[in-house]
Asker: 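Pasting in a structure now, in structure tokens, and then I'll have a few things to ask.
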Amino acid sequence: MVRPPRWLRFARSAARPASLAALALTMSACSFIEIDSPLTTFEPAGPFAERIDGLFWPVFWIAVVIFAIVQGGIFFAMWRFRDRPGAKEPKQIHGNAKLEVLWTVIPALILASIAIPTVQAVFDLTECGPDAITVEVIGHQWWFEFQYPEHGGIKTANVMVMPVDQEVCALMTSADVLHNFWIPALNGKRYLVPGQETLLRLQADEPGEFWGHCAEFCGLSHSLMRARAEVLPAADFDAWVTAQQQPALTPAEGSAAGDGFVLYQEKGCTACHAVRTAEEVFGPEDGAFNGPDLTHFASRSVFAGAYLPYEDLSYEDALKEWLFNPPKVKPGSFMPNLGLTASEIDSLIAWLETLK
Ligand code: CUA
């Protein structure tokens, strides 16, 4: 039998590790699709995220083609001019003005053609349109606050409610350190800077829920600083606005909720949190250091920086865990461990659940 040429023997011996690597790569791609990946940028849900997606893919494929050409050239040269017994040294070439001009001009043209639409998009995505509704986004360690100045000054936390097919102009700042607001299905990320205002346009084509996350390291519980956008049909959004504008009801004295309301005042919760009833505001003045406004706490599907409840933990069990020891759940939390007893926690939860 004829001994196969050396390149073929090399190819055969390299085939197994290469195919294993290819398999691992393919499988990692599968898991990327299979697992729940709420922060993927590959599922744009509105025009602004689509704009980014529309830039990404052409740039990606241009890069793939260039990669293939360059790597192909390298491998070809490695094989064609490899050292062999008795082989002469290949012809040495030093400089080729035509080639060098060509491989400088072509990449420059490619980069320019990528840069123009990219720079345009960067500006377009952060300058709000004339018909946008305003939502103020304030970063705190470690939760996002949302205020609706055009809707009676609604204040909410962790969950940003917005109407479908309607541009939202996020007017963003930070109450403490640098944060970064990012809901990948709706737009790219942008900084929240103390003492400055930054803008971000958000819009969704379909009702739904979209996860976001703080994208700048901002202290101990940065990794637990999430956000959620809830996109509602226009009528549902209007109903939500009306409900959020209502004051909280004062619970009946002596009921479990009534006991919880008393505890809320006696345990010092009002130093940071506010609950607005028809009669008065139980909490700090506007602008003071504050935790989330609790007037409509139970209308939010998530709390504690949108970290709770997670996985299969029920809403109520998550609340118990949180009230029992907040800094254990969120390291560094400014909500202290108040040393609440189990029955005190039950009363507080009974009251909190009335804050729809
Ligand atoms: Cu806020 Cu990271």
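Counting convention: from 1, in listed order, for ligands and their atoms alike. Note that the numbering runs from 1 along the sequence shown for the chain.
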Asker: What angle sits at atom 1 (Cu) of ligand 1 between SD of M225 and SG of C218, to 10°?
Answerer: 110°

Asker: Please confirm whether Y148 and W240 have ring centers closer than 6.0 angstrom.
Answerer: yes

Asker: Please say whether more than 12 non-hydrogen atoms of neighbouring residues, nucleotides or ligands are located less than 6.0 Å from CD in E150.
Answerer: yes

Asker: How are the rings of W79 and F76 set to each other: parallel, tilted or perpendicular (split at 30° and 60°)?
Answerer: tilted

Asker: Would you call the rings of F144 and F181 parallel, tilted or perpendicular, taking 30° and 60° as the class edges?
Answerer: perpendicular

Asker: Which atom name would you report as the N, O or S atom of E216 nearest atom 2 (Cu) of ligand 1?
Answerer: O

Asker: Once rounded to 10 degrees, what value does the angle at atom 1 (Cu) of ligand 1 take between SG (C214) and ND1 (H179)?
Answerer: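 If I round to 10°, I get 120°.
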
Asker: Let me check your reading of the structure: within less than 2.8 Å of atom 2 (Cu) of ligand 1, is there an N/O/S atom from H222?
Answerer: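 Given the 2.8 Å cut-off, H222 counts as a ligand of atom 2 (Cu) of ligand 1.
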
